[in-house]
Student: 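Please find one structure pasted underneath; my questions will follow.
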Amino acid sequence: MTTDAFGTVTSDIAAAEWASTAAGLRADGYDFFDWLSAYDDGPAGIAVVMRVMSAVDHRAILLRTRVDREAGRLPTLTPVWPGAAWHERETTEMFGIEFEGHPDPRPLLLPEGFQGHPLRKEFVLASRAAKEWPGAKEPGESVAGRKRPLGVPKSGEWSS
């Protein structure tokens, strides 16, 4: 499905068409790789989005696909746009998507041995469980009745 909103064309494709569509865009004059990232789309999986442009006539397109949450994988786009390497490494760490054939799959941002994928919705933000969440308007104001922020486990569920 392709949509055009506010001058940006967005094309939703199947994951199996990711590499061939990217190569076709490059052949059609989309010679500038802008960015690639992902977002957690809940039960629908992880959506991977990239934006490429034509440096000659300033056309741009967003290419989007969805992959499975547990075994998400796509072919790397580094043979088409070498600049995709850094973006794919970041997306691998933050969302757990494997880019098959990536020339340098080493961790990029997270420390050695880090467990989990911080930009997924199910990732528990430890800082929210370790200290009181801000928001009280007056000193001594009770936190009763306030909703627990997303990612904070219920009392007693947090374990080290």
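The first residue of the sequence shown is numbered 1, and numbering continues consecutively from there.
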Student: Among Val49, Leu62, Ile61, exactly one meets side chain to side chain contact (heavy atoms under 4.5 Å, CB included) together with Thr10. Which residue is that?
Tutor: Leu62
Student: Any side-chain heavy atom of Met50 sitting closer than 4.5 Å to one from Trp18?
Tutor: yes
Student: Over all heavy atoms of both residues, which pair between Leu77 and Ala22 is shortest? Give the atoms and the distance, please.
Tutor: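 Taking Leu77 first and Ala22 second, the nearest heavy atoms are CD2-CB, 3.6 Å.
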Student: Can you tell me how far CD of Glu17 sits from OG1 of Thr65, rounded to the nearest 0.5 angstrom?
Tutor: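 Here the rounded value is 8.0 Å.
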Student: Would you mind listing every salt bridge (charged side-chain N to carboxylate O under 4.0 Å, His left out) that reaches into residues 32-47, with sequence neighbours excluded?
Tutor: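 Matches after skipping sequence neighbours: Asp34-Arg51, Asp40-Arg69, Asp41-Arg66.
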Student: Would Tyr39 and Ile13 show up in the same hydrophobic cluster when neighbours are defined by side-chain heavy atoms closer than 4.5 Å?
Tutor: no
Student: Measure across Met53 and Ala60 and return the closest heavy-atom pair with its distance rounded to 0.1 Å.
Tutor: CG-CB, 3.8 Å
Student: Of all the heavy-atom pairs spanning Val67 and Ala15, show the shortest one and how long it is.
Tutor: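 Looks like CG1-CB, 4.3 Å.
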Student: Please name all residues satisfying side chain to side chain donor-acceptor pair (under 3.5 Å) with Asp12, sequence neighbours left out, ordered by chain then number.
Tutor: Arg64
Student: Considering non-hydrogen atoms only, spot the tightest contact between Leu110 and Glu93 and give its length.
Tutor: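 What the structure gives for the nearest pair is N-OE2, 3.0 Å.
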Student: Closest approach of Trp86 and Leu109, non-hydrogen atoms and distance?
Tutor: CZ2-CD2, 4.5 Å
Student: If I compare all heavy atoms of Phe114 with all of Phe123, which pair ends up nearest, and what's the gap?
Tutor: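 It is CZ-CZ, 3.6 Å.
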Student: Any donor-acceptor pair under 3.5 Å linking the side-chain atoms of Thr78 with those of Glu88?
Tutor: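 There is no such pair between these side chains.
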